[in-house]
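See structure below.
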Number of protein chains: 2
Amino acid sequence: MTVSKAAEKSAEKPADTAKGRKDAAEVQGQGAGEALQLGELSEQLGYVLKRAQLKVFENFLRCMASLQLTPAQFSVLLLVEKNPGRNQTEIASTLGILRPNFVAMLDNLESRDLCARIRSTNDRRSHILVLTDKGKAVLARAKKLVATKHEARLNELLGQANREALIAMLAKVASEF
Amino acid sequence: MTVSKAAEKSAEKPADTAKGRKDAAEVQGQGAGEALQLGELSEQLGYVLKRAQLKVFENFLRCMASLQLTPAQFSVLLLVEKNPGRNQTEIASTLGILRPNFVAMLDNLESRDLCARIRSTNDRRSHILVLTDKGKAVLARAKKLVATKHEARLNELLGQANREALIAMLAKVASEF
DNA sequence: GATATTTGATATGGTCCATAACAATTATCA
DNA sequence: TGATAATTGTTATGGACCATATCAAATATC
């Protein structure tokens, strides 16, 4: 079919009525080529938060290019290292990852020999998670890259004190908003 | 096929070797039932940024439930109001939305009679964007909801000064990181 | 011991994001 | 001028991420 949804909808909009053309005339030639005004957008918490998050993730991926670790994968490795012997449900839920979606993530990390699922002897339903030796080594290198290339960038942008204040406020928003 | 990818991969992991069982034994029974330690995760910029962003968007959606506006839709309305007479490419790129993905968004807003596409007389390829009267009214109500329910929540959580400092730092990160 | 719950897993659908391609229109320039 | 390139809105499509329902195996509950 060649009739688009937009075309169907346009049947009920006043774009080609007399009023539509008048409105168009009022507006033609406004600020052609000039930069757009962000206006209240630049003070919207959600907007600036999302933009900042995208930039930070982008930078993180560049810093981690040699190790091929995403922010989510890095967080899993960090959490498993700090809490060895926990099962998938515990690690996933702590990170806000749903159990079904955590399976493929672990498949990936395990296939790269970064972590391992070990059948628990206490509860043979669950898989205990541990970092492999390679996983520990990769995580150590990842931490150094994050510290020297990623966090350092934030420090030189905001300064040490502001950087800590920013993270503290974000943590508060994340937990109490 | 019933053989999963995970099962294939598990052939090369040492879960059931002597070493595997020894590792498991070292780790069994650690902190069962206790809360997990976040460790360095709670100081990771990307982690806390993402969690905060999810919470803020969630709260935004609740505040806007009566108007059925997403953060992205709200940002489009704000930007079109501030910059009437711009075309789709200009509005979309300012918001970091790719032109193809902006089409469906506008189809939605236009079908709800919140904004209108008007064929430009200067360049008949492009569509000038304008808010409808209903769009202006809805946006006005949305702004009030955001101010009284959304931003106010942030104020009582951080205080006015910290709220402004947070947004300023996020803006800096978003633009210079 | 029958029933309910938990765990890891699969299947599946939705939303968002990114790229390629196309028709209509406009810009470029030989 | 006319052929070619670039732009605009659009469609189609695929990937990444997120959410729900469902299942078998194992465990808990009664």
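Below, read A as the first sequence line, B as the second, and so on, with proteins coming before strands; counting in each chain starts at 1.
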Value in whole Å for how far the P atom of C:dG8 lies from CZ of A:Arg86 | 13 Å
May I have the step-by-step check of salt bridge (Lys or Arg N to Asp or Glu O under 4.0 Å) for B:Glu110 and B:Arg117, ending in yes or no?
-> CA-CA 8 Å; B:Glu110 203 174 23; B:Arg117 297 184 237 225; 2.9 Å; yes
Residues which pass ring-ring contact (aromatic ring centres under 6.0 Å, His included) with B:Phe102, listed by chain and number, not counting sequence neighbours | none
When rounded to whole Å, the CZ to P distance for the pair A:Phe102 and D:dC18 reads 13 Å
Decide yes or no for A:Phe60 and A:Val146: does some side-chain heavy atom of the first lie under 4.5 Å from some side-chain heavy atom of the second?
-> yes
Are there any protein N/O atoms within less than 3.5 Å of an N/O atom in nucleotides 17-20 of chain C, and if so, which ones and at what distance?
unit_1 : atom_1 : unit_2   : atom_2 : d
C:dA18 : N7     : B:Asn101 : OD1    : 3.4
C:dA18 : N7     : B:Asn101 : ND2    : 3.0
C:dA18 : N6     : B:Asn101 : OD1    : 3.1

Short side-chain N/O contact from B:Thr89 to OP1 or OP2 of D:dG9, under 4.0 Å = yes
Rounded to whole Å, CZ of B:Arg124 lies from P of D:dT10 at a distance of 15 Å
CG of B:Asn122 versus C1' of D:dT7: gap in Å, rounded?
-> 15 Å
Do the charged groups of A:Glu176 and B:Lys55 touch, with an N to O distance under 4.0 Å?
-> no
Where is the tightest heavy-atom contact between A:Ile167 and B:Ser42, given as atom of each residue plus distance?
-> CG2-O, 3.9 Å
How would you list, by chain and number, every residue that makes a ring-ring contact (aromatic ring centres under 6.0 Å, His included) with B:Tyr47, sequence neighbours excluded?
-> none
Do the charged groups of B:Lys143 and B:Glu81 touch, with an N to O distance under 4.0 Å?
-> yes
B:Arg99 near the nucleic acid: base, sugar-phosphate alone, or nothing, with a heavy-atom cut-off under 4.0 Å?
-> base
Grab the CE-P distance between A:Met105 and D:dC17 for me, whole Å please.
-> 9 Å
Measure from CD1 on B:Ile128 to P on C:dT25 and round the result to the nearest Å.
-> 16 Å
With respect to the side chain of B:Arg125, which nucleotide from D:dA26, D:dT8, C:dG8 is positioned closest?
-> D:dT8
Could you give the CG-to-P distance, from A:Asn108 to D:dA16, as a whole number of Å?
-> 11 Å
Quick one: A:Leu129 CG to C:dT7 P, roughly how many Å, whole number?
-> 13 Å
Earlier contact from the 5' end, DNA chain D, for A:Thr70 and B:Asp123 = B:Asp123
